[in-house]
Amino acid sequence: MPGSVRRQPPEGTESPRSALHSENEPAGCTHGGAPAAATIVPHLTRRHSYMSWLHVQHAFSAPVGTPVTIKGWVRTNRESKADGGLCFVAVSDGSCFEPIQCVIRASLPGFDQAQRLTTGCSVEVDGVLVASQGKGQAVEVLVDPAQGGALRVVGWVENPDTYPVSNKRHTFEYLREVAHLRVRTNTFGAVARVRHCLSMAVHRFFHERGFFYVHTPIVTGSDCEGAGQMFRVSTLDMLTRPLTDDGKACDFSHDFFGKETHLTVSGQLNVETYCSALSNVYTFGPTFRAENSNTSRHLAEFWMIEPEMAFCDLQRDSEIAEDFIKFLIRAVLSERADDMKFFDERIEKGLIARLTHVLDTPFRRLPYTEAIRILEAAAASGTKFEFPIRWGADLQSEHERYLTEVHFKQPVILMNYPKSIKAFYMRVNDPGTDGAPAETVAAMDVLVPGIGEIIGGSQREERLDVLDRRLDEMGLNKADYWWYRDLRRYGTVPHAGFGLGFERLILFVTGMQNIRDVIPFPRAPKQAEF
RNA sequence: UCCCCGAUAGCUCAAUGGUAGAGCGAGCGGCUGUUAACCGCUAGGUUCUAGGUUCGAGUCCUAGUCGGGGAGCCA
């Protein structure tokens, strides 16, 4: 039945199927015309709701007395002898954090099935939403045969003793080994919903501001994207691969694309081309790095968001980055309050206060050169750093953490880094910027407590002669960058952008510690089981 | 890739070089509008893999595999 609520016969006249497919049904009437039902899920229109049962999320806000059907997976089952015999079966369908408690009376035919339900079984439950007699939940589903109650066990758990996510606490390390089932737990269900919420908020942020979403390629023929080791894409047989005439290398002219290709490590160079026509654009897609990184902050396959703005300088770039992060935090606090409450109580105490503080505080902006002075002063007054502080060297993790966690205790945007440690495409600053002792580029890193670098961005070098000089300095072949250089030859404009690691954002927002626990099926060195 | 730590029941962990244990989970029973339930009973083991030392190895040694923490690379 569309709109999810099992309807009493007098209400509505159209058949459930016709209502489901009716093009003319107005929003809010998805429950077959039942007035009460229309208030349950006012935001659901016919197009949005195509189920004949009720999501738990919506059952919680339905009026007492509503007949409902719930479909989902058993979280817990407790039995009582009270009232002639009851089973308390908590059912979750993932639509919200809380499962709903179904109270099954012993008078139900086949009550023995209810008694045998264990964690993980899939069920369909018909019942009536009632005010709960017990503590711990406001409403519950009473399954009483006298009121049309029914239980249908759809799938049993074949051996409850070995069910991998039994009803007990499990470590995240263990759950990673059962990634196909871990989403049935509180934590991973909450992560999945928050991840979705953030994904939608990313698109909403840019769409509302006139940015266009650009699908940059996953397979790249440029070996010049800059960032680190790449995964090869090839259809050649590794044992019989063709060799070049001198026999010393693989002849990729026989390969699928006729040249050597890899998985992308960044959509930036491609998205800059669309920026140079559509003004404000962004990508949001998978990114691949073949680095042998074994940390809680790195994945071989991760998702990255890369906006690119025409006629934009570094200052505005940083303002957009700050607005963006705050928009995403606001979205998740308001839309996933149930999951965020869980993270706040069970994953990181004080999480919500921390995020609220981020919302209320302007990000601290300071030049790299000044950050070096602060770190030198800290070292001089006794703070121990493993690595020396020196203008011109990249900041180590410990330095970034000191700035954002100890010194400022808030997100910090470092700007204008030494040219020598940054990428070729970053715009070279005028000499003497920030009183720096050597040349700098218009780069920025957004550092947040607990995570470190969450965003890296820059104003791009729009001057062809300067860009060419940079390519030469870094020993890069200009011919490889012919189309990227063309952007500077034909109507070049100042532009800027940044990259946000999506999984790092989720870590920041949920308080989760390991990046492998905020992506459904993590890919990392020696890890691609699922 | 480097440094450190770890791998024993479905899960989390104990176990002087000398008989393999507990809690949780699971099964059965009791009690109870239950809800991290509680009480009793029961089942459950190739101690990561391959070598080695020893009368005897979960325990000691070597190598490997996988996992965790930190570092580097970065988002």
Side-chain angles (χ1 to χ4, degrees), chain A residues 75-90 98-105 115-116 118-120 130-137 140 142 157-178 181 185-186 226-229 265-268 286-306 321 346 386-387 394-398 400-401 421-423 445-448 451-457 498-508 513-517 519 524-527 529:
Chain A
R75 280 294 179 79
T76 60
N77 182 17
R78 293 176 294 274
E79 201 182 337
S80 171
K81 288 291 192 296
D83 291 356
L86 299 170
C87 276
F88 297 93
V89 183
E98 289 292 336
I100 196 163
Q101 176 164 280
C102 300
V103 183
I104 301 174
R105 289 205 182 281
Q115 293 172 298
R116 280 158 44 214
T118 57
T119 304
V130 299
S132 179
Q133 296 178 35
K135 290 168 185 158
Q137 59 282 316
E140 63 196 16
L142 178 63
V157 167
E158 63 173 28
N159 181 1
D161 191 35
T162 59
Y163 181 57
V165 286
S166 60
N167 185 32
K168 74 179 291 295
R169 290 188 74 91
H170 297 285
T171 61
F172 292 151
E173 293 80 15
Y174 165 71
L175 289 169
R176 253 170 247 153
E177 298 170 9
V178 287
L181 297 171
T185 65
N186 282 336
Q229 293 297 306
V265 293
S266 167
Q268 182 199 315
T287 309
F288 307 87
R289 305 265 168 97
E291 243 98 49
N292 192 9
S293 297
N294 294 289
T295 81
S296 56
R297 295 178 305 284
H298 290 83
L299 290 165
E301 177 185 276
F302 64 101
W303 288 65
M304 189 155 63
I305 299 144
E306 295 173 289
R346 305 298 288 272
E386 185 185 348
F387 294 92
D394 212 353
L395 296 182
Q396 302 291 320
S397 282
E398 58 176 347
E400 296 181 345
R401 295 182 67 134
I421 58 171
K422 288 295 184 180
D445 280 354
V446 180
L447 311 177
V448 296
I451 310 292
E453 182 181 346
I454 197 169
I455 281 179
F498 59 82
L500 170 82
F502 189 54
E503 285 76 19
R504 288 189 181 175
L505 171 74
I506 300 173
L507 291 178
F508 180 63
Q513 298 285 309
N514 195 309
I515 202 164
R516 300 177 189 196
D517 296 330
I519 189 169
K526 302 283 160 53
Q527 188 169 21
E529 174 69 17

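Quick note on labels: first sequence line is chain A, next is B, and so on, each numbered from 1. Note that the structure is a prediction, hence the values are computed from the model and not measured.
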Q: How far does the P atom of B/A7 sit from the matching atom of B/C13, given to the nearest Å?
A: 9 Å

Q: For nucleotides B/A9 and B/G23, find the distance between their P atoms and express it as a whole number of Å.
A: 16 Å

Q: Pick base, sugar-phosphate or nothing for A/Val103, based on heavy-atom distances below 4.0 Å to the nucleic acid.
A: base

Q: Indicate yes or no for a side-chain donor-acceptor contact from A/Glu503 to the backbone of A/Phe302 under 3.5 Å, with no hydrogens or angles considered.
A: no

Q: Using a cut-off of strictly less than 4.0 Å, decide whether A/Arg169 has a side-chain nitrogen or oxygen near OP1 or OP2 of B/G25.
A: no

Q: Across all strands shown, which nucleotide pairs with B/A37 by Watson-Crick or G-U wobble geometry, both distances under 3.5 Å?
A: none

Q: Expressed as a whole number of Å, how far does the C1' atom of B/G27 sit from that of B/G10?
A: 13 Å

Q: Would you state whether a donor and an acceptor, one from the side chain of A/Gln101 and one from the base of B/U34, lie under 3.5 Å apart?
A: yes

Q: Partner of B/G67 by Watson-Crick or G-U wobble geometry, both contacts under 3.5 Å, or none?
A: B/C5

Q: Heavy atoms under 4.0 Å, any strand shown: does A/Ser166 hit a base, just sugar-phosphate, or nothing?
A: sugar-phosphate

Q: Starting at CZ of A/Arg78 and ending at C1' of B/C31, how long is that distance when rounded to a whole Å?
A: 16 Å

Q: Of all the nucleotides listed (B/G33, B/G67, B/A26), which has the minimum atom distance to the side chain of A/Ser80?
A: B/G33

Q: Is A/Ile455 touching bases, backbone alone, or none of the nucleic acid, heavy atoms closer than 4.0 Å?
A: sugar-phosphate

Q: Would you tell me if any nitrogen or oxygen in the side chain of A/Thr295 comes within less than 4.0 Å of OP1 or OP2 on B/G72?
A: no

Q: Could you give the distance separating B/C24 and B/A43 at their C1' atoms, to the nearest angstrom?
A: 16 Å

Q: Could you tell me how far apart A/Phe387 (CZ) and B/C2 (P) are, to the nearest whole angstrom?
A: 16 Å

Q: Is there a side-chain contact between A/Thr171 and the phosphate of B/U12, meaning an N or O under 4.0 Å from OP1 or OP2?
A: yes

Q: Quickly work out the A/Tyr174 OH to B/C24 C1' distance and round it to whole Å.
A: 13 Å

Q: Between B/U65 and B/A26, how far apart are the two P atoms, rounded to whole Å?
A: 37 Å

Q: Checking A/Tyr174 side chain against A/Pro164 main chain: does a donor-acceptor pair fall under 3.5 Å?
A: yes

Q: B/G56 and B/G52: how far apart are their C1' atoms, nearest whole angstrom?
A: 15 Å

Q: Just N and O in the side chain of A/Gln396: are any of them under 4.0 Å from OP1 or OP2 of B/G72?
A: yes

Q: Could you tell me the separation between the CD atom of A/Glu306 and the C1' atom of B/C74, rounded to a whole number of Å?
A: 13 Å

Q: A/Asn167 and A/Arg75: side-chain contact (heavy atoms from CB on, under 4.5 Å), yes or no, with the steps?
A: CA-CA 7 Å; A/Asn167 185 32; A/Arg75 280 294 179 79; over 6 Å; no

Q: Could you report the tightest heavy-atom contact between A/Ser80 and A/Ala82, atom names first, then the distance?
A: OG-N, 3.0 Å

Q: Give none if B/A26 has no partner; otherwise give the nucleotide forming a Watson-Crick or G-U wobble pair with it, both distances under 3.5 Å.
A: B/U42

Q: Let's test your reading of the model: under 3.5 Å, does the base of B/C66 pair with the side chain of A/Lys526 as donor and acceptor?
A: no

Q: In whole Å, what is the span from the CD atom of A/Gln229 to the C1' atom of B/C74?
A: 13 Å

Q: On a whole-Å scale, what distance lies between the P atoms belonging to B/U59 and B/U47?
A: 10 Å

Q: Taking the nucleotide of RNA chain B with the nearest heavy atom to each, does A/Thr118 or A/Asp394 sit closer to the 5' end?
A: A/Thr118

Q: Would you kindly check whether a donor in the side chain of A/Glu173 faces an acceptor in the base of B/G6, or vice versa, at under 3.5 angstrom?
A: no

Q: Within the structure shown, what part of the strands sits under 4.0 Å from A/Gln133 by heavy-atom distance: base, sugar-phosphate, or nothing?
A: base

Q: Do side-chain atoms of A/Ser132 reach the backbone of A/Gly134 as a donor and acceptor pair under 3.5 angstrom?
A: yes

Q: Paired with B/C74 by Watson-Crick or G-U wobble geometry, both distances under 3.5 Å: which nucleotide is it?
A: none

Q: Expressed in angstrom and rounded to an integer, what is the separation of A/Glu158 atom CD from B/G10 atom P?
A: 15 Å

Q: May I have the distance from A/Glu140 (atom CD) to B/U34 (atom P), rounded to whole angstrom?
A: 11 Å

Q: Counting Watson-Crick and G-U wobble pairs only, both distances under 3.5 Å, name the nucleotide matched with B/U19, or none.
A: none

Q: Do A/Gln137 side-chain atoms and A/Gln101 backbone N/O form a donor-acceptor pair below 3.5 Å?
A: no

Q: Determine the contact category for A/Phe88: base if any of its heavy atoms lies under 4.0 Å from a base atom, sugar-phosphate if only primed atoms, P, OP1 or OP2 are that close, otherwise nothing.
A: base

Q: A quick test of your reading: do over 12 heavy atoms of other residues, nucleotides or ligands sit less than 6.0 Å from CZ of A/Arg116?
A: yes

Q: Using whole Å, what does the distance between atom P of nucleotide B/G10 and atom CG of A/Asn167 come to?
A: 18 Å

Q: Is there a side-chain polar atom (N or O) of A/Arg176 under 4.0 Å from OP1 or OP2 of B/C66?
A: no

Q: What contact category does A/Arg346 fall into here, base, sugar-phosphate, or nothing, at under 4.0 angstrom with non-hydrogen atoms?
A: nothing

Q: Looking at A/Gln137 and B/U34, is any side-chain donor or acceptor paired with a base atom of the opposite kind under 3.5 Å?
A: yes

Q: Let me spell it out: for each of A/Pro160 and A/Pro164, pick the nucleotide of RNA chain B with the closest heavy atom. Which residue's pick is nearer the 5' end?
A: A/Pro164

Q: For the C1' atoms, the ones on B/A57 and on B/G67, what distance do you get once it is rounded to whole angstrom?
A: 24 Å

Q: Counting only side-chain N and O atoms of A/Asn294, is one of them less than 4.0 Å from OP1 or OP2 of B/G67?
A: no

Q: Any chance you could lay out the side chain to side chain donor-acceptor pair (under 3.5 Å) test for A/Ser296 and A/Gln513, step after step, and finish with the verdict?
A: CA-CA 7 Å; A/Ser296 56; A/Gln513 298 285 309; over 6 Å; no

